2 protein chains.
Amino acid sequence: MVKALILIADGTEEMEFTIVYDTLIRAGIECTSAFIPRGLSPYGSSDTSPPLAVCSRQVKILPDITLDPLSAGPEKYDALIIPGGMGGAVTMAESTEVQNLVRSYYNHPEKRTIGMICAGSKVAITAKLPGQPITSHPSVQSEFPEHFEYKEQNVVVSAVPGKATLVTSRGPGTAFPFVFTLIELLCGKDKRDEVVGPMIFPSCTTGYPF
Amino acid sequence: MVKALILIADGTEEMEFTIVYDTLIRAGIECTSAFIPRGLSPYGSSDTSPPLAVCSRQVKILPDITLDPLSAGPEKYDALIIPGGMGGAVTMAESTEVQNLVRSYYNHPEKRTIGMICAGSKVAITAKLPGQPITSHPSVQSEFPEHFEYKEQNVVVSAVPGKATLVTSRGPGTAFPFVFTLIELLCGKDKRDEVVGPMIFPSCTTGYPF
Ligand SMILES: [Cu+]
(Lines give C-alpha, C1' and ligand atoms only; values in the text may rest on other atoms or scores of the structure.)
Protein backbone atom coordinates (compact mmCIF):
# COMPACT_ATOMS: atom_id res chain seq x y z
CA MET A 1 0.00 0.00 0.00
CA VAL A 2 1.31 3.44 -0.92
CA LYS A 3 1.90 5.63 2.13
CA ALA A 4 2.03 9.41 2.43
CA LEU A 5 3.16 11.64 5.28
CA ILE A 6 1.46 15.06 5.26
CA LEU A 7 2.81 17.78 7.55
CA ILE A 8 0.55 20.19 9.41
CA ALA A 9 1.23 23.06 11.83
CA ASP A 10 -0.54 26.05 13.31
CA GLY A 11 -1.24 28.33 10.37
CA THR A 12 -1.39 25.58 7.71
CA GLU A 13 -3.79 26.34 4.86
CA GLU A 14 -6.69 24.03 5.79
CA MET A 15 -8.00 23.70 2.23
CA GLU A 16 -4.62 22.65 0.87
CA PHE A 17 -4.15 20.18 3.72
CA THR A 18 -7.65 18.71 3.49
CA ILE A 19 -7.85 18.52 -0.31
CA VAL A 20 -4.56 16.59 -0.38
CA TYR A 21 -5.32 14.26 2.54
CA ASP A 22 -8.89 13.43 1.50
CA THR A 23 -8.13 12.95 -2.19
CA LEU A 24 -5.10 10.72 -1.50
CA ILE A 25 -7.34 8.59 0.78
CA ARG A 26 -9.83 8.33 -2.09
CA ALA A 27 -6.98 6.92 -4.18
CA GLY A 28 -6.33 4.19 -1.59
CA ILE A 29 -3.17 5.84 -0.25
CA GLU A 30 -2.58 5.46 3.48
CA CYS A 31 -2.23 9.02 4.86
CA THR A 32 -0.63 10.10 8.12
CA SER A 33 -0.73 13.74 9.19
CA ALA A 34 2.15 14.83 11.41
CA PHE A 35 2.08 17.95 13.57
CA ILE A 36 5.12 20.23 13.55
CA PRO A 37 5.24 22.08 16.87
CA ARG A 38 6.59 25.60 17.21
CA GLY A 39 7.75 27.30 20.35
CA LEU A 40 5.74 30.38 21.27
CA SER A 41 2.90 29.68 18.86
CA PRO A 42 0.87 32.81 18.11
CA TYR A 43 -2.23 30.58 18.01
CA GLY A 44 -2.30 29.25 21.55
CA SER A 45 -2.25 25.63 22.56
CA SER A 46 -4.73 22.86 23.24
CA ASP A 47 -5.18 19.98 25.58
CA THR A 48 -5.39 17.26 22.95
CA SER A 49 -2.53 14.98 22.02
CA PRO A 50 -1.25 15.55 19.41
CA PRO A 51 -2.12 19.24 19.76
CA LEU A 52 -4.88 20.59 17.54
CA ALA A 53 -3.52 22.46 14.54
CA VAL A 54 -5.20 25.87 14.37
CA CYS A 55 -5.14 26.44 10.62
CA SER A 56 -4.85 29.69 8.65
CA ARG A 57 -8.61 30.47 8.74
CA GLN A 58 -9.13 28.98 12.21
CA VAL A 59 -10.34 25.54 11.19
CA LYS A 60 -9.02 23.27 13.97
CA ILE A 61 -7.70 19.89 12.83
CA LEU A 62 -6.46 17.05 15.02
CA PRO A 63 -3.30 15.61 13.41
CA ASP A 64 -2.77 11.83 13.41
CA ILE A 65 0.62 12.09 15.15
CA THR A 66 3.21 14.60 16.31
CA LEU A 67 6.26 14.41 14.04
CA ASP A 68 8.86 11.94 15.29
CA PRO A 69 11.73 12.31 12.82
CA LEU A 70 13.07 8.85 13.71
CA SER A 71 9.96 7.10 12.41
CA ALA A 72 8.94 9.50 9.63
CA GLY A 73 11.61 8.73 7.08
CA PRO A 74 11.58 7.56 3.47
CA GLU A 75 11.93 3.90 4.49
CA LYS A 76 8.42 4.21 5.96
CA TYR A 77 6.55 6.51 3.54
CA ASP A 78 6.54 6.82 -0.24
CA ALA A 79 5.67 10.50 -0.26
CA LEU A 80 6.19 13.58 1.90
CA ILE A 81 3.74 16.45 1.43
CA ILE A 82 4.15 20.04 2.64
CA PRO A 83 1.05 22.25 2.44
CA GLY A 84 1.05 26.04 2.41
CA GLY A 85 -0.46 28.68 4.63
CA MET A 86 2.22 31.19 5.55
CA GLY A 87 2.25 30.54 9.32
CA GLY A 88 2.56 26.78 8.92
CA ALA A 89 5.03 26.99 6.04
CA VAL A 90 7.35 29.28 8.02
CA THR A 91 7.26 26.84 10.96
CA MET A 92 8.15 23.98 8.63
CA ALA A 93 10.79 25.92 6.70
CA GLU A 94 12.57 26.95 9.91
CA SER A 95 12.43 23.45 11.45
CA THR A 96 15.75 21.62 11.19
CA GLU A 97 13.83 18.34 11.62
CA VAL A 98 11.72 19.15 8.56
CA GLN A 99 14.76 20.32 6.57
CA ASN A 100 16.58 17.06 7.35
CA LEU A 101 13.46 15.02 6.59
CA VAL A 102 13.06 16.65 3.17
CA ARG A 103 16.72 15.96 2.33
CA SER A 104 16.39 12.31 3.42
CA TYR A 105 13.41 11.83 1.09
CA TYR A 106 15.18 13.70 -1.70
CA ASN A 107 18.29 11.55 -1.51
CA HIS A 108 16.71 8.16 -0.75
CA PRO A 109 17.97 5.46 -3.15
CA GLU A 110 14.44 4.20 -3.83
CA LYS A 111 12.89 7.11 -5.67
CA ARG A 112 10.45 8.96 -3.38
CA THR A 113 7.95 11.76 -4.08
CA ILE A 114 8.00 15.18 -2.38
CA GLY A 115 5.05 17.54 -2.77
CA MET A 116 5.08 21.23 -1.81
CA ILE A 117 2.27 23.67 -2.47
CA CYS A 118 1.86 27.44 -2.05
CA ALA A 119 4.16 28.85 0.66
CA GLY A 120 5.11 25.22 1.45
CA SER A 121 7.64 25.48 -1.39
CA LYS A 122 9.75 27.67 0.93
CA VAL A 123 10.99 24.42 2.46
CA ALA A 124 12.83 23.63 -0.79
CA ILE A 125 14.95 26.72 -0.10
CA THR A 126 15.69 26.12 3.60
CA ALA A 127 16.34 22.39 3.01
CA LYS A 128 18.87 23.52 0.41
CA LEU A 129 17.53 21.33 -2.39
CA PRO A 130 19.56 21.73 -5.56
CA GLY A 131 18.30 24.08 -8.26
CA GLN A 132 15.55 22.67 -10.47
CA PRO A 133 12.18 23.66 -11.92
CA ILE A 134 9.85 24.85 -9.14
CA THR A 135 6.75 26.91 -8.41
CA SER A 136 5.04 28.39 -5.33
CA HIS A 137 2.49 30.98 -4.32
CA PRO A 138 3.39 34.20 -6.19
CA SER A 139 3.83 36.01 -2.86
CA VAL A 140 7.00 34.02 -2.08
CA GLN A 141 8.37 33.83 -5.63
CA SER A 142 11.03 36.48 -4.94
CA GLU A 143 12.56 34.34 -2.17
CA PHE A 144 13.82 31.66 -4.58
CA PRO A 145 17.52 31.94 -5.34
CA GLU A 146 18.46 32.12 -9.00
CA HIS A 147 19.59 28.50 -9.25
CA PHE A 148 15.91 27.46 -9.04
CA GLU A 149 14.17 27.53 -12.39
CA TYR A 150 10.99 29.29 -11.26
CA LYS A 151 7.88 28.59 -13.35
CA GLU A 152 4.46 30.25 -13.24
CA GLN A 153 2.63 26.94 -13.80
CA ASN A 154 -0.19 25.32 -11.82
CA VAL A 155 1.90 22.22 -11.16
CA VAL A 156 5.61 21.67 -11.79
CA VAL A 157 7.07 18.15 -11.82
CA SER A 158 10.85 17.97 -11.46
CA ALA A 159 12.48 14.56 -11.81
CA VAL A 160 16.24 14.75 -11.26
CA PRO A 161 17.71 11.28 -12.02
CA GLY A 162 18.46 9.30 -8.85
CA LYS A 163 16.61 11.78 -6.64
CA ALA A 164 13.03 12.12 -5.40
CA THR A 165 10.47 13.56 -7.79
CA LEU A 166 9.63 17.10 -6.62
CA VAL A 167 6.07 18.23 -7.32
CA THR A 168 5.26 21.88 -6.57
CA SER A 169 2.14 23.98 -6.96
CA ARG A 170 0.73 27.48 -6.32
CA GLY A 171 -2.26 27.85 -4.00
CA PRO A 172 -5.67 26.59 -2.90
CA GLY A 173 -6.93 27.00 -6.47
CA THR A 174 -4.31 24.57 -7.78
CA ALA A 175 -4.63 22.05 -4.93
CA PHE A 176 -6.77 19.64 -6.97
CA PRO A 177 -4.39 19.61 -9.96
CA PHE A 178 -1.54 19.16 -7.45
CA VAL A 179 -3.04 16.14 -5.70
CA PHE A 180 -4.09 14.50 -8.96
CA THR A 181 -0.54 14.84 -10.21
CA LEU A 182 0.67 13.13 -7.03
CA ILE A 183 -1.91 10.33 -7.47
CA GLU A 184 -0.85 9.77 -11.08
CA LEU A 185 2.81 9.56 -10.05
CA LEU A 186 2.15 7.26 -7.09
CA CYS A 187 -0.70 5.08 -8.42
CA GLY A 188 -0.95 5.61 -12.17
CA LYS A 189 -3.27 7.38 -14.55
CA ASP A 190 -6.15 4.87 -14.23
CA LYS A 191 -6.37 5.48 -10.50
CA ARG A 192 -6.38 9.24 -11.06
CA ASP A 193 -9.26 8.93 -13.50
CA GLU A 194 -11.15 6.65 -11.09
CA VAL A 195 -10.86 9.21 -8.28
CA VAL A 196 -11.69 12.25 -10.44
CA GLY A 197 -15.05 10.87 -11.61
CA PRO A 198 -17.22 10.91 -8.46
CA MET A 199 -15.80 14.28 -7.37
CA ILE A 200 -17.78 16.03 -10.17
CA PHE A 201 -15.36 18.62 -11.52
CA PRO A 202 -16.34 21.26 -14.02
CA SER A 203 -14.95 19.70 -17.18
CA CYS A 204 -11.98 22.02 -17.69
CA THR A 205 -10.37 21.27 -14.29
CA THR A 206 -9.68 17.55 -14.53
CA GLY A 207 -6.91 17.37 -17.07
CA TYR A 208 -3.18 17.50 -16.48
CA PRO A 209 -1.30 19.56 -17.47
CA PHE A 210 -4.00 22.21 -17.24
CA MET B 1 -20.76 41.82 9.34
CA VAL B 2 -22.23 38.94 7.34
CA LYS B 3 -22.51 35.74 9.39
CA ALA B 4 -22.71 32.14 8.26
CA LEU B 5 -23.56 28.98 10.18
CA ILE B 6 -21.95 25.85 8.70
CA LEU B 7 -23.11 22.45 9.91
CA ILE B 8 -20.71 19.55 10.48
CA ALA B 9 -21.18 15.97 11.70
CA ASP B 10 -19.33 12.68 11.75
CA GLY B 11 -18.99 11.69 8.09
CA THR B 12 -19.10 15.23 6.69
CA GLU B 13 -17.02 15.66 3.51
CA GLU B 14 -14.00 17.50 4.91
CA MET B 15 -13.07 19.18 1.62
CA GLU B 16 -16.56 20.58 1.14
CA PHE B 17 -16.67 21.80 4.73
CA THR B 18 -13.18 23.31 4.69
CA ILE B 19 -13.38 24.93 1.26
CA VAL B 20 -16.62 26.68 2.27
CA TYR B 21 -15.50 27.75 5.75
CA ASP B 22 -12.04 28.99 4.72
CA THR B 23 -13.20 30.81 1.57
CA LEU B 24 -16.08 32.54 3.38
CA ILE B 25 -13.57 33.70 6.04
CA ARG B 26 -11.38 35.08 3.23
CA ALA B 27 -14.43 37.12 2.14
CA GLY B 28 -14.72 38.65 5.62
CA ILE B 29 -17.75 36.57 6.58
CA GLU B 30 -17.93 35.49 10.22
CA CYS B 31 -18.21 31.68 10.19
CA THR B 32 -19.46 29.42 12.96
CA SER B 33 -19.32 25.64 12.55
CA ALA B 34 -21.97 23.73 14.51
CA PHE B 35 -21.72 20.03 15.33
CA ILE B 36 -24.81 17.87 14.77
CA PRO B 37 -24.61 14.91 17.16
CA ARG B 38 -25.98 11.49 16.28
CA GLY B 39 -26.86 8.74 18.70
CA LEU B 40 -24.83 5.57 18.22
CA SER B 41 -22.23 7.18 15.96
CA PRO B 42 -20.35 4.60 13.87
CA TYR B 43 -17.25 6.75 14.26
CA GLY B 44 -16.73 6.65 18.01
CA SER B 45 -16.60 9.63 20.28
CA SER B 46 -14.03 12.01 21.65
CA ASP B 47 -13.26 13.82 24.86
CA THR B 48 -13.26 17.32 23.40
CA SER B 49 -16.17 19.74 23.72
CA PRO B 50 -17.72 20.15 21.25
CA PRO B 51 -16.92 16.59 20.09
CA LEU B 52 -14.44 16.24 17.23
CA ALA B 53 -16.16 15.59 13.91
CA VAL B 54 -14.57 12.55 12.28
CA CYS B 55 -15.06 13.41 8.63
CA SER B 56 -15.62 11.15 5.63
CA ARG B 57 -11.91 10.47 5.01
CA GLN B 58 -10.98 10.57 8.69
CA VAL B 59 -9.82 14.17 8.93
CA LYS B 60 -10.78 15.18 12.48
CA ILE B 61 -12.14 18.71 12.85
CA LEU B 62 -13.08 20.51 16.07
CA PRO B 63 -16.36 22.38 15.47
CA ASP B 64 -16.80 25.86 16.95
CA ILE B 65 -19.99 24.90 18.82
CA THR B 66 -22.48 22.08 19.22
CA LEU B 67 -25.75 23.07 17.54
CA ASP B 68 -28.14 24.81 19.89
CA PRO B 69 -31.27 25.36 17.78
CA LEU B 70 -32.44 28.17 20.06
CA SER B 71 -29.45 30.36 19.19
CA ALA B 72 -28.79 29.22 15.61
CA GLY B 73 -31.70 30.81 13.84
CA PRO B 74 -32.04 33.29 10.94
CA GLU B 75 -32.20 36.26 13.30
CA LYS B 76 -28.57 35.49 14.17
CA TYR B 77 -26.99 34.32 10.87
CA ASP B 78 -27.41 35.45 7.26
CA ALA B 79 -26.64 32.07 5.76
CA LEU B 80 -26.98 28.39 6.66
CA ILE B 81 -24.68 25.96 4.87
CA ILE B 82 -25.01 22.16 4.70
CA PRO B 83 -22.01 20.25 3.33
CA GLY B 84 -22.09 16.74 1.88
CA GLY B 85 -20.39 13.50 2.77
CA MET B 86 -23.03 10.76 2.96
CA GLY B 87 -22.64 9.96 6.66
CA GLY B 88 -22.90 13.58 7.75
CA ALA B 89 -25.66 14.42 5.30
CA VAL B 90 -27.82 11.52 6.52
CA THR B 91 -27.35 12.67 10.13
CA MET B 92 -28.43 16.20 9.15
CA ALA B 93 -31.31 15.06 6.93
CA GLU B 94 -32.74 12.87 9.71
CA SER B 95 -32.35 15.53 12.42
CA THR B 96 -35.66 17.25 13.23
CA GLU B 97 -33.63 20.16 14.64
CA VAL B 98 -31.88 20.60 11.30
CA GLN B 99 -35.14 20.22 9.36
CA ASN B 100 -36.79 22.92 11.51
CA LEU B 101 -33.72 25.15 11.21
CA VAL B 102 -33.74 24.93 7.42
CA ARG B 103 -37.43 25.80 7.30
CA SER B 104 -36.91 28.77 9.65
CA TYR B 105 -34.20 30.16 7.34
CA TYR B 106 -36.30 29.44 4.28
CA ASN B 107 -39.34 31.31 5.60
CA HIS B 108 -37.59 34.18 7.41
CA PRO B 109 -39.05 37.57 6.34
CA GLU B 110 -35.59 39.07 5.81
CA LYS B 111 -34.31 37.09 2.86
CA ARG B 112 -31.68 34.56 4.00
CA THR B 113 -29.34 32.29 2.03
CA ILE B 114 -29.28 28.49 2.32
CA GLY B 115 -26.44 26.50 0.75
CA MET B 116 -26.44 22.72 0.26
CA ILE B 117 -23.78 20.75 -1.58
CA CYS B 118 -23.39 17.13 -2.64
CA ALA B 119 -25.42 14.74 -0.44
CA GLY B 120 -26.19 17.77 1.74
CA SER B 121 -29.03 18.58 -0.69
CA LYS B 122 -30.92 15.62 0.85
CA VAL B 123 -31.92 18.03 3.62
CA ALA B 124 -34.08 19.94 1.11
CA ILE B 125 -36.18 16.78 0.83
CA THR B 126 -36.51 15.93 4.53
CA ALA B 127 -37.11 19.59 5.46
CA LYS B 128 -39.94 19.47 2.90
CA LEU B 129 -38.87 22.59 1.03
CA PRO B 130 -41.24 23.37 -1.82
CA GLY B 131 -40.33 22.24 -5.33
CA GLN B 132 -37.81 24.42 -7.14
CA PRO B 133 -34.63 24.11 -9.21
CA ILE B 134 -32.04 22.02 -7.34
CA THR B 135 -28.92 19.89 -7.79
CA SER B 136 -26.93 17.40 -5.69
CA HIS B 137 -24.34 14.68 -6.00
CA PRO B 138 -25.50 12.39 -8.85
CA SER B 139 -25.61 9.45 -6.41
CA VAL B 140 -28.63 10.92 -4.62
CA GLN B 141 -30.38 12.41 -7.66
CA SER B 142 -33.01 9.64 -7.73
CA GLU B 143 -34.18 10.54 -4.22
CA PHE B 144 -35.63 13.90 -5.28
CA PRO B 145 -39.41 13.87 -5.70
CA GLU B 146 -40.74 15.06 -9.03
CA HIS B 147 -41.80 18.48 -7.77
CA PHE B 148 -38.12 19.45 -7.58
CA GLU B 149 -36.75 20.66 -10.87
CA TYR B 150 -33.49 18.68 -10.84
CA LYS B 151 -30.61 20.19 -12.84
CA GLU B 152 -27.24 18.67 -13.74
CA GLN B 153 -25.40 21.98 -13.21
CA ASN B 154 -22.36 22.82 -11.08
CA VAL B 155 -24.30 25.38 -9.07
CA VAL B 156 -28.05 26.04 -9.05
CA VAL B 157 -29.42 29.28 -7.59
CA SER B 158 -33.14 29.25 -6.78
CA ALA B 159 -34.73 32.50 -5.65
CA VAL B 160 -38.40 32.04 -4.81
CA PRO B 161 -39.88 35.52 -4.04
CA GLY B 162 -40.22 36.15 -0.31
CA LYS B 163 -38.22 33.05 0.60
CA ALA B 164 -34.53 32.34 1.23
CA THR B 165 -32.27 31.96 -1.79
CA LEU B 166 -31.40 28.25 -2.12
CA VAL B 167 -27.95 27.55 -3.60
CA THR B 168 -27.16 23.90 -4.35
CA SER B 169 -24.12 22.17 -5.84
CA ARG B 170 -22.75 18.71 -6.72
CA GLY B 171 -19.53 17.55 -5.04
CA PRO B 172 -15.99 18.39 -3.93
CA GLY B 173 -15.13 19.37 -7.51
CA THR B 174 -17.82 22.06 -7.51
CA ALA B 175 -17.15 23.32 -3.97
CA PHE B 176 -15.19 26.37 -5.18
CA PRO B 177 -17.87 27.48 -7.67
CA PHE B 178 -20.43 26.88 -4.88
CA VAL B 179 -18.69 29.06 -2.30
CA PHE B 180 -17.94 31.84 -4.78
CA THR B 181 -21.63 31.91 -5.69
CA LEU B 182 -22.45 32.28 -1.99
CA ILE B 183 -19.89 35.09 -1.62
CA GLU B 184 -21.30 36.94 -4.62
CA LEU B 185 -24.83 36.68 -3.20
CA LEU B 186 -23.79 37.72 0.33
CA CYS B 187 -21.05 40.28 -0.38
CA GLY B 188 -21.23 41.21 -4.06
CA LYS B 189 -19.19 40.53 -7.17
CA ASP B 190 -16.28 42.80 -6.24
CA LYS B 191 -15.67 40.83 -3.05
CA ARG B 192 -15.80 37.55 -4.98
CA ASP B 193 -13.18 38.82 -7.43
CA GLU B 194 -11.00 40.07 -4.57
CA VAL B 195 -11.04 36.63 -2.90
CA VAL B 196 -10.51 34.64 -6.11
CA GLY B 197 -7.27 36.43 -7.05
CA PRO B 198 -4.77 35.25 -4.39
CA MET B 199 -6.13 31.69 -4.51
CA ILE B 200 -4.50 31.16 -7.94
CA PHE B 201 -7.10 29.22 -9.91
CA PRO B 202 -6.43 27.74 -13.30
CA SER B 203 -8.12 30.35 -15.48
CA CYS B 204 -11.16 28.32 -16.51
CA THR B 205 -12.42 27.72 -12.94
CA THR B 206 -13.03 31.23 -11.67
CA GLY B 207 -16.07 32.28 -13.63
CA TYR B 208 -19.70 31.72 -12.78
CA PRO B 209 -21.63 30.14 -14.33
CA PHE B 210 -18.88 27.79 -15.47
CU1 LIG C 1 -20.50 13.82 -1.18
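Naming: A, B, ... by sequence-line order, numbering from 1 per chain. It should be emphasised that the depicted structure is a prediction, and the values quoted were computed from it without experimental measurement.
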Reported [atom1]-to-[atom2] distance for the pair [X] and [Y], which is rounded to 0.5 angstrom:
X: B:R57; Y: A:C31; atom1: CZ; atom2: SG; result: 11.5 Å
X: A:C118; Y: B:I200; atom1: SG; atom2: CD1; result: 7.5 Å
X: A:M15; Y: B:R26; atom1: CE; atom2: CZ; result: 4.0 Å
X: A:E16; Y: B:M199; atom1: CD; atom2: CE; result: 9.0 Å
X: B:Q58; Y: A:S33; atom1: CD; atom2: OG; result: 11.5 Å

Within 6.0 angstrom of B:E75 CD, more than 12 heavy atoms from elsewhere: yes

Taking atom CG of B:D190 as the centre, report whether more than 12 heavy atoms of other residues, nucleotides or ligands fall under 6.0 Å from it. no

Check B:P198 against A:H137 and note the closest heavy-atom contact, atom names and distance. O-NE2, 2.8 Å

Tightest non-hydrogen contact, residues B:P177 and A:P202, listed as CG-CG, 4.3 Å

What's the verdict on side-chain contact (heavy atoms from CB on, under 4.5 Å) for A:L62 and B:L62, showing C-alpha distance, side-chain angles and the deciding distance? CA-CA 8 Å; A:L62 184 71; B:L62 185 71; over 6 Å; no

If you tally heavy-atom pairs under 4.5 Å between each of B:T18, B:D22, B:I19 and chain A, the highest tally belongs to B:D22

I'd like to know which of A:V59, A:L24, A:D64 tops the heavy-atom pair count under 4.5 Å against chain B. A:V59

Chain B shares the most heavy-atom pairs under 4.5 Å, among A:P138, A:G171, A:P172, with A:P172

Pairs where residues 5-28 of chain B contributes a residue and the test ring pair (Phe, Tyr, Trp, His ring centres under 6.0 Å) is met, not counting sequence neighbours: B:F17-B:Y21

Side-chain heavy-atom pair B:K60, A:L52 within 4.5 angstrom cut-off: no

